[in-house]
Amino acid sequence: MGFTVNPISPVLGAEVTGLDLAEPLGDNLIGDIRQSWLEAGGLLVIRDQTLSTEQHIEFSSRFGPLFGAPNETPLQDTVSRYLHPDHPEIYRVSNQTENGEPQGTPKGRAGAGTYWHSDVSFKPRPAAASILHAIEVPASGGDTLFCNLAAAYDALSDAMKEMIGTLSAHHDFAQTAATQFAKPIVVEDDLKGANRAVHPVVRTHGETGRKSLFINPGMTAGLENFDADESAAILGPLFRHATKAEFCYRHRYAQGDVVMWDNRSLMHYAVDDYGDQPRYMERTTNIGEVPV
Ligand code: SIN
């Protein structure tokens with residue numbers, strides 16, 4: 001199966017056509033997809049896919065172990081209510097309820113990821129790829145913004161690169177919980193060890209060898225060994241720099257898009273601007289390596 005890859009923005013991302021992910025995919029083809037993904041700066045938009053949940057999981061598992069898979073780390077207790085009831089590998093993002101009633105059981109997490117973040121960066125082994133299948137998309141709105149943290153790193157001055165090159169940062173789900181989750185939803189155990197980690201501020205991508213910033217406003221609680229004011233004085237300008245429009249791409253979904261992003265070198269922000277228009281996404285999350 002040949003496929004076509006076209007860049008979708010100068011700074012990151014490529015659109016793929018001519019692939020059917022529901023077909024059995026050989027190792028060479030998976031290798032080609034992985035290569036295209038890395039060359040596109042870690043963002044591929046694979047168009048026109050009709051996938052069952054099982055096929056989505058099967059495709060995703062070719063890129064590494066999945067959070068929630070048998071014998072693997074679960075994503076998180078706090079979001080367990082949003083996981084697919086039969087497939088804990090699938091995190092559901094939706095503003096709909098199961099029976100359509102306003103007070104019904106949520107079909108997924110509404111307004112998920114409405115802040116700049118890299119998925120589960122607070123884990124000792126944060127996410128590598130996240131693979132999202134756009135099943136129902138609003139007529140307008142519900143885009144996701146992505147920013148390229150490797151391009152942002154490259155554009156820093158040499159003096160700044162030298163200064164931050166030896167720093168580490170605390171990533172903590174408590175930071176996310178405080179701003180993004182209504183209190184009763186947060187499972188207390190999630191505020192303990194498994195969702196806290198210290199990672200280098202600059203990480204080197206395990207596959208491309210490229211350096212990138214590895215901090216995000218949603219989950220990075222502060223710099224190791226710095227007090228809160230000092231930490232904010234360094235992190236604030238870095239966050240502003242990383243999210244400059246020049247480093248960003250805004251994805252407008254079409255139904256059937258499979259969007260694959262690399263949390264090791266990108267941040268993303270899901271725009272919550274679509275009101276009651278139905279939006280339903282299913283996402284898998286690959287377990288990445290310990291950042292170095
Ligand atoms: C997320 O995974 O952070 C949500 C992405 C989206 O719904 O666009």
Side-chain angles (χ1 to χ4, degrees), residues 8 12-13 42-47 49 53 56-57 60 63 66-68 74-76 78-84 87-96 106-123 126-149 171 173 175-177 179-181 185 190 195 215-220 242-243 248-288:
I8 41 175
L12 82 155
L43 181 71
L44 272 195
V45 176
I46 307 172
R47 298 287 196 189
Q49 300 304 309
T53 302
H56 179 183
I57 293 170
S60 305
F63 295 89
L66 297 174
F67 284 104
L75 197 55
Q76 254 191 301
T78 295
V79 299
S80 59
R81 67 178 65 202
Y82 307 119
L83 300 179
H84 192 292
H87 301 286
E89 298 92 335
I90 295 279
Y91 176 49
R92 303 185 300 171
V93 179
S94 181
N95 57 355
Q96 303 296 292
K107 229 175 145 180
R109 176 149 167 80
T114 304
Y115 55 100
W116 282 110
H117 66 288
S118 301
D119 289 327
V120 292
S121 76
F122 45 75
K123 294 218 182 262
S130 291
I131 303 181
L132 180 138
H133 184 204
I135 294 172
E136 191 167 21
V137 302
S140 66
D143 300 352
T144 305
L145 295 159
F146 294 91
C147 80
N148 185 337
L149 292 169
H171 295 242
F173 175 65
Q175 161 99 356
T176 323
T179 57
Q180 301 298 327
F181 286 85
I185 287 184
D190 275 347
N195 295 306
I215 47 171
N216 66 83
M219 295 170 183
T220 306
T243 52
C248 293
Y249 162 72
R250 180 173 183 138
H251 185 63
R252 164 94 202 99
Y253 290 95
Q255 190 180 335
D257 283 351
V258 168
V259 178
M260 187 171 164
W261 64 83
D262 194 339
N263 293 285
R264 297 170 292 185
S265 55
L266 305 181
M267 282 195 286
H268 60 286
Y269 183 121
V271 185
D272 188 5
D273 61 350
Y274 46 97
D276 294 336
Q277 297 177 77
R279 186 177 188 274
Y280 180 66
M281 314 297 216
E282 293 192 344
R283 192 193 88 191
T284 54
T285 316
N286 288 94
I287 304 172

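Note that ligands are numbered from 1 as they come in the structure, with each ligand's atoms numbered from 1 the same way.
Backbone and side-chain nitrogen or oxygen atoms of His268 are examined, and one is located within less than 3.5 angstrom of a nitrogen or oxygen of ligand 1.
A heavy-atom distance below 4.5 Å is found between the side chains of Met281 and Val137. The shortest distance between side-chain heavy atoms of Asn216 and Tyr115 does not fall below 4.5 Å. Using a 4.5 Å heavy-atom cutoff, the side chains of His268 and His117 are in contact. Between Tyr269 and Thr114, some side-chain heavy-atom pair lies under the 4.5 Å cut-off.
Every atom of ligand 1 with a heavy atom of Ala112 under 4.0 Å away is listed here by number and element: 4 (C). Ligand 1 places these atoms under 4.0 Å from at least one heavy atom of Val93: 7 (O). Those atoms of ligand 1 with a heavy atom of Gly113 less than 4.0 angstrom away are 3 (O). Against a heavy-atom cut-off of under 4.0 Å, Trp261 is close to the following atoms of ligand 1: 2 (O). Each of the atoms 3 (O) of ligand 1 lies under 4.0 Å from some heavy atom of His117.
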Evaluate the criterion side chain to side chain contact (heavy atoms under 4.5 Å, CB included) for residue pair Thr220 and His171; output intermediate values, then yes/no. CA-CA 4 Å; Thr220 306; His171 295 242; 3.2 Å; yes

Going through the checks in order, is the side chain to side chain contact (heavy atoms under 4.5 Å, CB included) test met by His251 and Trp261? CA-CA 12 Å; His251 185 63; Trp261 64 83; over 6 Å; no

Assess whether side chain to side chain contact (heavy atoms under 4.5 Å, CB included) is satisfied between Val120 and Met219, documenting all intermediate values. CA-CA 8 Å; Val120 292; Met219 295 170 183; 5.7 Å; no

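The shortest heavy-atom distance from Tyr280 to ligand 1 is not under 4.0 Å.
The backbone N or O of Ser121 lies less than 3.5 Å from no partner atom in the side chain of Asn263, so there is not a single donor-acceptor pair.
Annotation: atom 8 (O) of ligand 1 to nearest protein heavy atom, Thr144 OG1, 2.6 Å.
Contact annotation: for Phe146 versus ligand 1, there are no heavy atoms closer than 4.0 Å. When non-hydrogen atoms are compared, ligand 1 lies under 4.0 Å from the side chain of Tyr253 (C-beta onward) but not from its backbone.
Nearest residue to atom 7 (O) of ligand 1 from Arg283, Arg109, Arg279 is Arg279 (criterion: closest heavy atom).
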